[in-house]
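Values below: all heavy atoms of this structure, side chains included; hydrogens, waters and symmetry mates excluded.
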Amino acid sequence: MKDTLQILFGLLGGLAVFIFGMNMMSECLQKAAGEKMKSILALLTKNPVMGVLAGALTTAVLQSSSATTVMAIGFVSAGLMSLPQSISIILGANIGTTMTAQIIAFKISDYIYLFIFLGFAVSYAAKSEKARNIGQTVFAFGLLFLGIETMGSVMKPLAGSPFFLNMIERVGDIPVLGVLTGTFMTLVVQSSSATIAVLQNFAQQAGPDGVTSILGLAGAIPILLGDNVGTTITALIACIGQAKDAKRTALAHCIFNLSGCLLFIWFIQPFAALIRYISPAGPEVAVISRQIANAHTLFNLIMTLIWTPLLPYMVKLVTGFIRDGKAVAKDISVPMYLDSKLTAQPAAALRLVEKETIRCGVAAEELLADVTASVRTEDKSLSGLTIQKAGQVRTLYETVTEYVSDLLAAGSMSEEQANEAAGILYLLGDYDRIVLLCQELLEMIVDKDNKYKSAKFSKEARRDLEHSLELVGEMYREAFGMLRSGDRDKMKKIRKKKEKLLDVSLRMRKAHLERVDKGKCSGKLTKPFYKVLNALDRLSNSCANLADHEVEW
């Protein structure tokens, strides 16, 4: 009983160190890659072959097909990617994830502690963020192999257990049991890379003759197929509550792995013979880890080659299973692009934030136009709707701000990404001020502090206010356009408009006093009218501040 517990605790502890090392390496690689991830993600807009390549490269960087799958689901849900593109990413991710098994197959047990020491030393002594990230990646790489070594050492006594040998023999004789075993393992651990690492370690244990593996390649392949089936559960969990295309992407991932399992399970022996032929020769226990890695890679390559030309049929299949429902109008206060599941992947999450921030800017532009229309028509019902819309837009800004703050708090950003996130927060602050001022302006013009409901602004005053709002609207459109295009040439034009607005404001103050003097306008409206003019001045300042932001979209 004591020996069994030691084996169990050793296996769980080694698995924990392995998963911790793998997650840490993924996070550090993302930080080290930084904005290069954007170049990889830019490939997503190309053809399906480029999508497969992008999926493979992204997974190689993230060291997790689940992370890439979640990213693809987030993008397709946000409308940044079409369904065929997202499915091509999934196909590539299945190839990219095989890199972990290939790395594990290398025999570096003698250098594990050297990797851990060197990684720690570099991360501890390095001054630059990039060098620290590289050091932490090497440290995590060492931890990953330490976990593998721990699992391998505690598994050795199992090779002499008659009960365990009998159980393995059954799994080897009945491939379906192997598939179910692999699926269950991945469901529990929620990482196919981790369960394949366990499989590689276990298969390296020698049988009674000391040369052959206790499991053998033909016994390992069904478990490997089960690992691939089990990893699709992560995608299904990620698509809960997402758009229909996101659910279709997850379903495509399931179909890919299930179809592969159903196809290969009939050819275990021929497939094993092919893997032995293309793998290094030697005693089975010495080469089986590489054989399993090669089987994993070849399985995903073959299935990708099968499904890539059949992508249109895959799209039809998943669309047939998950049909379109009735379109529902999107509440402006609800984000269209943000995905909380991507906070651990800043390169992808910031891309969604950029799209949402642009949407925030468009909402502010529309609101300015609504305020101008309300002043022109003097329609109180339109004014009420515009004030309500302003509240919804501000709710959207708060949600986006909270999301960006969560990204910063997650600690997975590089210094460059953190600076970009901070710039977006400042930009959102300017948007929020513009919308708040629009709301205040409308409330003052409609209600006039609730004290002067019987009095009305004269036609001349309203005409001047409308003209000022049109100038502010032009100023905002130019600043927002400059922000999106990165063209700084319009800066002088925006500053000239700001000076013109100041001159218009001074003229409006004088014109109001003249109207009061002539009895055309009530003196009681002087205070609210000046408040409106002050709000217009602040609105023009906020538009000018918007033009000062430098973002790379």
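- Phe139 meets the ring pair (Phe, Tyr, Trp, His ring centres under 6.0 Å) test with no other residue; sequence neighbours excluded.
- Taking Arg132 as the reference, nothing meets the side chain to side chain donor-acceptor pair (under 3.5 Å) condition, with sequence neighbours excluded.
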Could you walk me through whether Ser505 and Leu536 pass the side chain to side chain contact (heavy atoms under 4.5 Å, CB included) check?
CA-CA 8 Å; Ser505 179; Leu536 280 167; over 6 Å; no
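- Side-chain atoms of Asp464 and Val504, non-hydrogen and from C-beta on, never get closer than 4.5 Å to each other.
- With hydrogens and angles ignored, the 3.5 Å screen pairs a side-chain donor or acceptor of Glu356 with a backbone N or O of Met336.
- Expressed to the nearest 0.5 Å, how far CD1 of Ile89 lies from CG of Leu53 amounts to 9.0 Å.
- Glu366 places no side-chain N or O within 3.5 Å of a backbone atom of Ala363 that could act as its donor or acceptor partner.
- No side-chain donor-acceptor contact under 3.5 Å links Thr97 to the backbone of Asn94.
- Scanning all heavy atoms of the two residues, the minimum distance from Leu408 to Ala421 falls at CD2-CB, 3.9 Å.
- Counting heavy atoms from C-beta on, the side chains of Asn300 and Phe256 come closer than 4.5 Å.
- The NZ atom of Lys316 sits 13.0 Å away from atom CG of Leu83, with the distance rounded to the nearest 0.5 Å.
- For the side chain to side chain donor-acceptor pair (under 3.5 Å) test, no residue two or more places apart in sequence or in another chain qualifies with Thr395.
- Nearest heavy-atom pair, Met475 versus Cys543, reported as atom, atom and distance to 0.1 Å: CG-CB, 4.0 Å.
- Taking SG of Cys360 as the reference point, atom CD1 of Ile434 lies at 11.5 Å (rounded to 0.5 Å).
- Lys247 is not listed as a side-chain neighbour of Val318, based on a closest heavy-atom distance of 4.5 Å or more.
- In this structure, Leu396 CG and Thr401 OG1 are separated by 9.0 Å, a value rounded to the nearest 0.5 Å.
- The nearest pair of heavy atoms linking Leu407 to Ala349 is CD2-CB, 3.6 Å.
- Within the 4.5 Å cutoff, side-chain heavy atoms of Glu470 are placed close to those of Glu466.
- Taking the ring centre of Tyr337 as origin, the terminal cationic atom of Arg359 falls outside the region bounded by 6.0 Å and 45° from the ring axis.
- In this structure, Lys389 places its NZ atom where more than 12 heavy-atom neighbours from other residues, nucleotides or ligands lie under 6.0 Å away.
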Side chain to side chain contact (heavy atoms under 4.5 Å, CB included), that's the test. Do Ser542 and Leu437 meet it? Break it down for me.
CA-CA 10 Å; Ser542 293; Leu437 286 166; 4.1 Å; yes
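- Nearest heavy-atom pair, Leu338 versus Thr399, reported as atom, atom and distance to 0.1 Å: CD1-O, 4.4 Å.
- Closest heavy-atom contact between Trp307 and Ile255: CZ2-CG2, 4.0 Å.
- Residues that satisfy the side chain to side chain contact (heavy atoms under 4.5 Å, CB included) test with Arg463, not counting sequence neighbours, are Glu460.
- A distance-only check finds no donor-acceptor pair linking the side chain of Thr308 to the backbone of Leu305 [under 3.5 Å].
- Summarising the local packing, OH of Tyr530 is surrounded by more than 12 heavy atoms from other residues, nucleotides or ligands at distances under 6.0 Å.
- Evaluation of the ring pair (Phe, Tyr, Trp, His ring centres under 6.0 Å) test over residues 341-399, restricted to residues two or more places apart or in two chains, returns Tyr397-Tyr431.
- Annotation for Met303 and Ser259: closest pair CE-OG, 3.5 Å, computed over non-hydrogen atoms.
- Between Arg538 and Asp430, none of the side-chain N atoms (NZ, or NE/NH1/NH2) sits under 4.0 Å from a carboxylate O, so this pair counts as no salt bridge.
- Listed by first and then second residue, the ring pair (Phe, Tyr, Trp, His ring centres under 6.0 Å) pairs involving residues 350-396 amount to none (not counting sequence neighbours).
- In terms of modelled atom types and a separation under 3.5 Å, the side chain of Thr372 and the main chain of Leu368 share a donor-acceptor contact.
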